[in-house]
Amino acid sequence: MLDNSIINSTGQSWKLIVAVVALLVGSIAPAFPETGLSWTTGTIIALAGYAFGVALIRCPVCGARWFWDALMNPDIYKAVFSGDSCPACQKEAEASIDNQSD
């Protein structure tokens with residue numbers, strides 16, 4: 001699914017992975033006492049993962065934060081996960097993300 005996505009094309013798939021892993025760990029780990037994570041800590045980890053993805057996955061050309069925009073318009077998710085251009089500026093993904101500053 002991510003092979004042809006704008007996220008992968010711009011080299012940001014690692015950000016998505018970090019965000020999803022934090023969200024899942026924070027949501028699931030507290031259910032198992034062996035992990036030592038309280039529900040409060042798990043919630044903080046999950047929210048941090050969510051915020052990380054929303055804030056840092058963005059267009060290297062125009063700077064549009066794709067997941068932030070998708071909060072207001074869920075149709076953007078399809079464009080981000082299956083499209084090869086930015087839903088905001090319609091620019092094609094470049095092989096390099098040297099223009100992106102995090």
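Quick caveat, the model's predicted, so the values are computed rather than measured.
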Quiz item: Between atom CG of Asp84 and atom OG1 of Thr10, what is the distance when rounded to the nearest 0.5 Å?
Solution: 11.5 Å

Exercise. With side chain to side chain contact (heavy atoms under 4.5 Å, CB included) as the test, would you mind laying out the steps for Leu37 and Ile45 before giving the verdict?
Key: CA-CA 10 Å; Leu37 286 176; Ile45 291 170; 4.1 Å; yes

Quiz item: Could you state the interatomic distance from SG (Cys86) to NZ (Lys91), rounded to the nearest 0.5 Å?
Solution: 10.0 Å

Quiz item: Under the side chain to side chain donor-acceptor pair (under 3.5 Å) test, which residues partner Thr35, sequence neighbours left out?
Solution: none

Practice problem: Verify side chain to side chain donor-acceptor pair (under 3.5 Å) between Thr41 and Ser38, making sure each step is shown before the conclusion. | Solution: CA-CA 5 Å; Thr41 303; Ser38 69; 3.0 Å; yes

Quiz prompt | Flag, side chain of Lys15 to backbone of Leu56, donor-acceptor distance under 3.5 Å | solution = yes

Quiz item: How far does CD1 of Ile17 sit from CD1 of Ile7, to the nearest 0.5 angstrom?
Solution: 10.0 Å

Exercise. Apply side chain to side chain donor-acceptor pair (under 3.5 Å) to Ser27 and list each qualifying residue two or more places apart in sequence or on a separate chain.
Key: none

Quiz item: Measuring from Cys59:SG to Ile6:CD1, what's the distance to the nearest 0.5 Å?
Solution: 6.5 Å

Quiz item: Do Val80 and Val20 belong to the same hydrophobic cluster, where Ile, Leu, Val, Met, Phe, Trp and Tyr are linked whenever their side-chain heavy atoms lie under 4.5 Å apart, directly or via other members?
Solution: yes

Quiz item: Roughly how far, to the nearest 0.5 Å, is CG of Leu23 from CD1 of Ile28?
Solution: 9.0 Å

Exercise. Give a yes or no on whether Leu24 and Val54 share a hydrophobic cluster (residues Ile, Leu, Val, Met, Phe, Trp, Tyr; joining criterion: side-chain heavy atoms under 4.5 Å apart).
Key: yes

Anything under 3.5 Å between a donor and an acceptor, one on a side chain of residues 61-79, the other on a protein residue two or more places apart or in another chain? List them.
{"unit_1": "Arg65", "atom_1": "NE", "unit_2": "Ala55", "atom_2": "O", "d": "2.7"}
{"unit_1": "Asn73", "atom_1": "OD1", "unit_2": "Asp75", "atom_2": "N", "d": "3.2"}

